[in-house]
Amino acid sequence: MGFFTKIATLFGSGSASGSKSAYPSEEYKGLIITPQPKSDNGQYRIAALIEKPVEGDEENKQHHFIRSDTVGSADSAAELALLKCKNYIDQMGDKIFD
C-alpha cells in the first residue's frame, strides 16, 4: 500500500466538490488538486482534477488534467500528477479555467 493510499484510508478521500478519489486532495495557491491516476494497459496515466473554489451557490470551477505520460504504479502517477499540476498552475494561473 502506497503513501497516498494510506493517507486516504486514514482520513477519507474526495475533492472539495465531493467526487471520490483514492488519493487526498492538496491545496496549492488557492486551488485544490486531487490526483486521479487512470489505469491504461497495465500502466497508470498521470491525471488529476484541479478545482477553484467559488463562493456562493455556484459549483467549483474544474479542470481535468490528463497527461500522456504513464508509469508503473498508481501511487507514482498520483505523486507525479501533484508535481505536474503545480507546474501547470505556476505557468497558466487562472487561464486554466478559461
Side-chain angles (χ1 to χ4, degrees):
M1 183 182 294
F3 172 75
F4 282 112
T5 305
K6 289 179 187 176
I7 296 295
T9 302
L10 290 172
F11 297 107
S13 62
S15 67
S17 67
S19 63
K20 296 291 181 186
S21 174
Y23 298 94
S25 299
E26 183 175 309
E27 185 176 343
Y28 182 72
K29 294 189 175 182
L31 303 178
I32 300 164
I33 305 168
T34 306
Q36 299 177 332
K38 306 286 183 204
S39 180
D40 187 5
N41 295 322
Q43 297 283 309
Y44 290 88
R45 189 165 307 284
I46 295 169
L49 176 64
I50 302 173
E51 295 180 283
K52 180 178 183 179
V54 178
E55 293 184 26
D57 292 335
E58 295 182 48
E59 290 191 20
N60 291 346
K61 292 184 179 182
Q62 296 183 342
H63 176 80
H64 293 276
F65 180 86
I66 301 173
R67 298 286 305 222
S68 60
D69 314 52
T70 58
V71 293
S73 76
D75 290 345
S76 294
E79 289 178 38
L80 284 170
L82 285 171
L83 292 172
K84 289 181 180 273
C85 283
K86 289 175 183 178
N87 286 333
Y88 185 60
I89 291 166
D90 289 342
Q91 292 172 356
M92 298 298 293
D94 275 346
K95 292 179 186 176
I96 293 171
F97 304 103
D98 290 343

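Side chains are part of it too, since the values below use all heavy atoms of this structure and drop only hydrogens, waters and symmetry mates.
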Let me have the donor-acceptor pairs involving side chains of residues 89-98, under 3.5 Å, with sequence neighbours excluded, atom names and distances please.
unit_1, atom_1, unit_2, atom_2, d
D90, OD1, Y28, OH, 2.8
D90, OD1, K29, NZ, 2.7
D90, OD2, Y28, OH, 3.1
D94, OD1, K52, NZ, 3.4
D94, OD2, K52, NZ, 3.0

- Query: Say you draw a straight line from CG of L31 to CD of E51; how long is it, rounded to the nearest 0.5 Å?
  - Reply: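 The CG atom of L31 sits 9.5 Å away from the CD atom of E51.
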- Item | For N60 against P53, the heavy-atom pair lying closest together | OD1-CA, 3.3 Å
- Task: Please report the closest heavy-atom contact between A48 and C85, naming both atoms and the distance.
- Result: CB-SG, 3.6 Å
- Determine, using the 4.5 Å side-chain heavy-atom cutoff (strictly less than), whether I33 and F65 are members of one ILVMFWY cluster.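 Yes; tracing contacts between hydrophobic side chains, which count when under 4.5 Å, links both residues.
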- Query: If you round to the nearest 0.5 Å, how far is CG of L82 from CD of E26?
  - Reply: 5.0 Å
- Message: For a 4.5 angstrom cut-off between non-hydrogen side-chain atoms, does Y88 reach I50?
- Response: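 SC-SC contact between Y88 and I50 confirmed.
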- Message: Please list all pairs meeting salt bridge (charged side-chain N to carboxylate O under 4.0 Å, His left out) that have one or both residues in residues 58-73, counting only residues at least two apart or in different chains.
- Response: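 Pairs touching residues 58-73 that pass the test: R67-D69, D69-K84.
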- When rounded to the nearest 0.5 angstrom, what distance separates CG in L80 from CG in D75? 11.0 Å
- Shortest non-hydrogen contact from A77 to Y44?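 For A77 and Y44, the tightest heavy-atom pair comes out as CB-CB, 3.9 Å.
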- Message: Closer than 3.5 angstrom, by distance alone: can the side chain of R45 be matched with the main-chain N or O of S68 as a donor-acceptor pair?
- Response: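 At least one qualifying donor-acceptor pair exists.
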- Once you round to the nearest 0.5 Å, how far does CG of D40 lie from OG1 of T70?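 If we round to the nearest 0.5 Å, D40:CG and T70:OG1 are 6.5 Å apart.
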- Can you name the closest pair of heavy atoms from A81 and I46 and give their distance?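 The pair with the smallest heavy-atom distance is CA-CG2, 3.5 Å.
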